[in-house]
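The block underneath contains the structure these notes are about, expressed in structure tokens.
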Amino acid sequence: MIKKGKKLYEGKAKIIYATSDKNLVIQYFKDDATAFNNQKKSTIEGKGVLNNRISEHILSNLSQIGIKNHLVKRLNMREQIIKLVEIIPIEFIVRNVASGSITKRLGIEDGTVLKEPLLEYCLKDDALGDPLIAEEHIYAFDWANKKEIEKVKKMILRINDFMIGMFRGIGIKLIDFKLEFGRIKINGKTEVILADEISPDTCRLWDSITDKKLDKDRFRKDLGDLIPAYTEVAKRLGILHEQSNVTAVNVTKLSSVKKKNK
Ligand code: TMP
């Protein structure tokens with residue numbers, strides 16, 4: 001049995017805990033939501049539960065097509081055991097349709113379909129507001145080497161193709177998303193694997209027919225109904241069934257009621 005240890009790191013939406021196994025950590029999904037680099041903050045009850053399930057589903061599907069990633073297994077409603085990696089300090093943003101920051105930066109109309117997928121790099125640095133960088137910056141400052149980035153690019157193309165198809169099959173357009181990668185020693189060799197999470201917090205997902213936003217833009221743009229939108233994504237992915245969809249959120253409510261009563 002793996003035992004939970006001390007808190008190693010707390011991010012905006014997740015907490016990482018040590019475990020009794022030095023190679024494994026626990027990733028805890030919080031209900032906190034932030035946008036625009038922490039300028040906007042809130043707590044949305046049940047969000048962490050849904051992201052835990054959705055991310056588990058997507059990452060385990062990706063490992064089935066040979067995309068190595070940090071997920072070992074989901075432990076409970078909010079936690080998963082993951083492999084400890086050294087995170088590459090780059091946010092890899094993949095865009096299929098223009099939306100969000102790129103529309104403002106380049107004056108492109110929201111919803112413009114791109115001729116080919118666009119990969120952007122941002123430096124993972126909250127104090128600097130995760131600035132957009134060129135690939136050359138990665139090498140100039142040794143944030144990763146060329147071999148690692150070439151490998152990451154190949155993985156990203158496959159991940160994008162797989163996710164576009166997976167979401168298209170359930171009536172959702174994959175507009176864009178963010179990925180993170182980390183280094184891990186496997187049999188004495190350092191390898192780069194997919195890390196972090198893939199969820200409606202880190203993707204833009206639009207209903208194929210209505211273009212309804214089913215992602216964190218509901219929070220960023222004050223559209224409301226974030227939980228029903230994430231639940232809809234989970235339901236369409238086949239993770240939650242008609243009856244259990246509310247259960248995910250209700251169980252969190254129950255557990256928070258229990259905590260309050262303690
Ligand atoms: P952007 O339009 O704000 O640059 O975001 C592009 C995509 O990346 C969008 O799906 C949201 C996701 N994203 C994150 O997950 N975390 C971040 O810190 C940022 C800036 C974007």
Side-chain angles (χ1 to χ4, degrees), residues 12-13 33-40 47 51 54-55 58 62 67 88-126 128-138 143-144 149-150 152-181 194 196-226 228-230 232-233 236-237:
K12 287 180 290 214
T34 67
F36 313 114
N37 200 30
N38 234 351
Q39 288 176 43
K40 184 170 174 167
K47 179 176 79 75
N51 282 347
I54 294 169
S55 192
I58 298 176
L62 285 171
I67 303 291
I88 294 173
I90 308 292
E91 297 199 340
F92 297 85
I93 311 277
V94 189
R95 300 183 189 272
N96 297 307
V97 176
S99 194
S101 68
I102 198 171
T103 60
K104 298 193 185 80
R105 194 183 338 122
L106 302 178
I108 308 288
E109 195 185 338
D110 189 57
T112 306
V113 176
L114 305 182
K115 254 178 85 179
E116 52 186 62
L118 174 66
L119 174 57
E120 292 180 339
Y121 307 93
C122 292
L123 177 64
K124 221 173 120 62
D125 186 324
D126 282 343
L128 298 176
D130 297 343
L132 183 71
I133 54 167
E135 190 178 319
E136 284 71 18
H137 289 85
I138 301 176
W143 290 318
I149 296 300
E150 286 314 314
V152 162
K153 280 189 191 170
K154 279 196 188 140
M155 289 169 87
I156 285 179
L157 281 181
R158 291 196 65 214
I159 294 168
N160 189 38
D161 281 348
F162 175 81
M163 292 208 339
I164 288 175
M166 179 186 72
F167 281 117
R168 178 173 292 162
I170 55 169
I172 291 173
K173 286 191 268 193
L174 178 62
I175 305 301
D176 59 28
F177 57 102
K178 187 252 326 186
L179 297 173
E180 294 185 27
F181 292 83
L194 176 66
D196 194 52
E197 71 175 287
I198 302 180
S199 72
D201 264 16
T202 62
C203 301
R204 281 197 176 87
L205 304 169
W206 295 0
D207 180 88
S208 300
I209 295 167
T210 63
D211 278 353
K212 181 180 171 185
K213 295 179 199 308
L214 301 170
D215 57 64
K216 205 168 96 176
D217 269 352
R218 301 212 70 84
F219 169 70
R220 294 190 190 96
K221 295 172 173 284
D222 292 321
L223 299 172
D225 285 343
L226 179 136
Y230 284 33
E232 176 69 25
V233 173
R236 289 198 204 177
L237 284 170

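This structure is a prediction, so every number in the text was calculated from the model and none was measured.
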Candidate pair D201 and Y230, rule side-chain hydrogen bond (donor to acceptor under 3.5 Å, both in side chains), full reasoning: CA-CA 9 Å; D201 264 16; Y230 284 33; 2.6 Å; yes
Taking atom CG of L205 and atom NZ of K216, what is their separation to the nearest 0.5 Å? 13.0 Å
If I take atom CH2 from residue W206 and atom CZ from residue F167, how far apart are they, to the nearest 0.5 angstrom? 15.0 Å
Using a strict threshold of under 4.0 Å (side-chain N to carboxylate O), is an ion pair present between [Y] and [X]?
| X | Y | result |
| --- | --- | --- |
| R158 | D161 | no |
| K213 | D207 | no |
| D126 | K12 | yes |
| D215 | R204 | no |
| E232 | R236 | yes |

Go through the steps for N96 and L114 under the test side-chain contact (heavy atoms from CB on, under 4.5 Å), then give the verdict. CA-CA 6 Å; N96 297 307; L114 305 182; 6.0 Å; no
Short side-chain donor-acceptor distance under 3.5 Å, D130 and N37: no
Please check if any side-chain donor atom of Y121 sits under 3.5 Å from a side-chain acceptor atom of E135, or the reverse. yes
Salt bridge (Lys or Arg N to Asp or Glu O under 4.0 Å): pairs with one or both residues in residues 98-120, sequence neighbours excluded: R95-E120, R105-E120
